[in-house]
Amino acid sequence: MRDDERPSSDGTTDFGFERVALGEKQGRVDDVFRSVAKRYDLMNDLMSAGLHRAWKAQLIAMLRPPKGRSFRHLDVAGGTGDIAFRSLEAGGPQTEVTVLDINEAMLRVGAERAGERYAGRIDFVTGNAESLPLPDAAFDAYTIAFGIRNVPRIEAALAEARRVLKPGGRFLCLEFSKVDMPVLDRIYDAYSFHVIPRIGARVAGDAESYRYLVESIRRFPSPGAFAGMIEAAGLRHVTHRSLSGGIVAIHSGWKVS
């Protein structure tokens, strides 16, 4: 991990390729997601050619919500409900999901999508990943998909993940990663920096937000470095699995005690 990929001693951090004051980043990230909320899921389909669905299906396959017992699942930065709905469909009637997001515009989209379909089994909560408004040892699983790289203090978010997990609970993070195939990496870079902002401009009316999202991917730690951060937070049996030539990775850790 490069030194400039994490908050520095001068109180600054990354916002895409730009350095900003640590206290400024969250507000700017909020502005990005407020802008893209209504088109977020459609843009995911367009940007990934639908691959995000397979990646999320793999995340749920690793999560394995049980059919025959209670299961409390916290999905952080999951405002539109995509992971939560998949978890509820995969699990049994005692599966319950709390969707937490700092951005209320994203949560409104998720609540509208949920309607009454999962009444009593899903909650939408406004909160910060760095300081969860939730009790200790309350959840069997914690997931975060494509959200951890937008958190200003990743170490704080990981510590909070461990705190709210029950002993034996699992942490799973789906995040963009480092492409590790020689030709694919150049194609991926060209697509990311030249095509995705244009799609954002045409579909969501916002090229700059999608330019930030692409830049934030490049600033995120390598899989090995991020695994070290997960271990430093006190989670154990940490692994990561690369998908689609390294475009994304699923990171896993367990709260042992």
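In this chain, numbering begins with 1 at the start of the sequence shown.
- Rounding to the nearest 0.5 Å gives a distance of 15.5 Å between NE2 of His237 and CZ of Phe171.
- Put simply, Val179 and Ile187 are part of two different groups of oily side chains (I, L, V, M, F, W, Y) that touch within less than 4.5 Å, one to the next.
- Atom OG1 in Thr80 sits 5.0 Å away from atom CE in Met106 (nearest 0.5 Å).
- In this structure, Glu175 and Phe146 have side chains that are in contact, with non-hydrogen atoms separated by less than 4.5 Å.
- Counting only distance, with no hydrogens or angles, the side chain of Lys178 and the backbone of Arg218 share a donor-acceptor pair below 3.5 Å.
- Checking side-chain atoms of Glu130 against main-chain N and O of Ala156 turns up no donor-acceptor pair under 3.5 Å.
- For Arg53, the side-chain hydrogen bond (donor to acceptor under 3.5 Å, both in side chains) test picks out Asp45, with sequence neighbours left out.
- Scored by the side-chain contact (heavy atoms from CB on, under 4.5 Å) test, Asp180 finds no partners at all (sequence neighbours excluded).
- The closest side-chain heavy-atom distance from Leu174 to Gln58 is not below 4.5 Å.
- Looking at every heavy atom in both residues, Ala137 comes nearest to Pro167 through CB-CD, 4.4 Å.
- The closest side-chain heavy-atom distance from Met229 to Glu155 is below 4.5 Å.
- No continuous path of ILVMFWY side-chain contacts below 4.5 Å connects Ile83 to Leu107, so the two sit in separate hydrophobic clusters.
- Here the straight-line distance linking atom CZ of Arg113 with atom CG of Asp82 works out to 5.0 Å at 0.5 Å rounding.
- Residue Ile144 is grouped with residue Phe220 when hydrophobic side chains (ILVMFWY) are merged at heavy-atom distances under 4.5 angstrom, including chains of intermediate members.
- Closest of all the heavy-atom pairs between Ile217 and Ser177 is CG2-O, 4.3 Å.
- Not counting sequence neighbours, the partners of Ala114 by the side-chain contact (heavy atoms from CB on, under 4.5 Å) test are Phe85, Phe124.
- With values rounded to the nearest 0.5 angstrom, Thr126 atom OG1 is found 9.0 Å from Arg108 atom CZ.
- Glu89 meets the side-chain hydrogen bond (donor to acceptor under 3.5 Å, both in side chains) test with Tyr118; sequence neighbours excluded.
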Between side-chain atoms of residues 239-257 and protein atoms elsewhere (two or more places apart, or another chain), which donor-acceptor pairs fall under 3.5 Å?
unit_1, atom_1, unit_2, atom_2, d
Ser244, OG, Trp55, NE1, 2.9
Ser252, OG, Arg170, NE, 2.9
Ser252, OG, Arg170, NH2, 3.0
Lys255, NZ, Arg162, O, 3.0
Lys255, NZ, Leu165, O, 2.7

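- Under the side-chain hydrogen bond (donor to acceptor under 3.5 Å, both in side chains) criterion, Arg236 pairs with no residue at all, not counting sequence neighbours.
- Screening residues 62-79 for side chain to side chain donor-acceptor pair (under 3.5 Å) gives His73-Ser87, His73-Thr143, Asp75-Thr143 as the qualifying pairs, with residues at least two apart or on separate chains.
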Show me the donor-acceptor pairs, under 3.5 Å and distance only, between side chains in residues 93-101 and residues at least two apart or in other chains.
unit_1, atom_1, unit_2, atom_2, d
Thr95, OG1, Gly92, N, 3.3
Thr95, OG1, Gly92, O, 3.3
Asp101, OD1, Asn103, N, 2.9
Asp101, OD2, Gly79, N, 3.0

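- Residues satisfying the side-chain contact (heavy atoms from CB on, under 4.5 Å) criterion with Ala57, sequence neighbours excluded, are Arg86.
- Pro135 and Val164 get closest at one heavy-atom pair: O-CG1, 3.7 Å.
- Side chain of Arg219 to backbone of Arg149: no donor-acceptor contact under 3.5 angstrom is found.
- If you chain together hydrophobic residues whose side chains sit under 4.5 Å apart, Val109 and Leu88 never meet in one group.
- With sequence neighbours excluded, no residue forms a ring pair (Phe, Tyr, Trp, His ring centres under 6.0 Å) with Phe71.
- For the pair Arg117 and Ile122, the minimum side-chain heavy-atom distance is 4.5 Å or more.
- Asp123 meets the salt bridge (Lys or Arg N to Asp or Glu O under 4.0 Å) test with no other residue; sequence neighbours excluded.
- Residues Leu235 and Tyr142 have side chains not in contact (no heavy-atom distance under 4.5 Å, counting atoms from C-beta outward).
- Residues passing the side-chain contact (heavy atoms from CB on, under 4.5 Å) test with Val238 are Ala227, Ile230, Glu231, sequence neighbours excluded.
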